[in-house]
Each structure stands twice: as C-alpha cells, then as structure tokens.
Amino acid sequence: QVQRKAEVVTMLVQEAGASVVCSDTIEFRSKRAGMFETSATETRTITFVESAATAGSAALLDEKSAATGQLRVLVPPVLGSKAELQIGKGGAAPAA
C-alpha cells in the first residue's frame, strides 16, 4: 500500500503540478465543543511526536493534550526513525 500511495503522490506532483508538503503537524478546523448548538469553529492541531516510551507498533494519543485543542500523538520508533521506508532520506519502496 505504501508504494501505491507514493505512486499517487508522484503522479500528482509530476503530472498535475500539485504541491506536497510533509509535516509532523496537521492543522484543521472543527466545530467547537459545547452543550449548545453553534456554527462556530476553532482551529486545532495534531502533532506527531516520536517516543521510545510507546511500546510495540501502535501510536497513542497523549491524553493530557486532548483537552487543549493541541493534540499530541506519540509514535513508536518502529513507525518513525526506525521505519523500513524513510521518505526524504533516499529510501525507496521495497520491491514487490
């Protein structure tokens, strides 16, 4: 699946001239939390942080950050710096 995603991104950049920016932080707008219906929105962020404290190969939501609107997702090294495929470091997709 990773190789196919990479092919789609490559096609969008080369053929459609799309701009692709990779980041550890995603910013988005969501409806405000509250008891009353409102159309107001707020800007929230999700930041992915590598943490050796996360066991196995699962990413975890840092619960302390959940209430602040600045969410942190703790990612184990096996999904980050130790991942088999490294984008932007000369890594290539594994042969099928």
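If you're wondering where the values come from, they're calculated on a predicted model, not measured in any experiment.
Once rounded to the nearest 0.5 Å, the distance linking CZ of R44 with CD of Q70 reads 8.5 Å.
Applying the 4.5 Å side-chain rule to ILVMFWY residues, one finds I26, F28, I46, L61, L71, V73, V75, V78, L79 in the same cluster as F48.
Each of T25, T45, L60, V49 was compared with R72 under the side-chain contact (heavy atoms from CB on, under 4.5 Å) criterion, and only V49 meets it.
Between P77 and S51 the shortest heavy-atom distance is CD-O, 3.6 Å.
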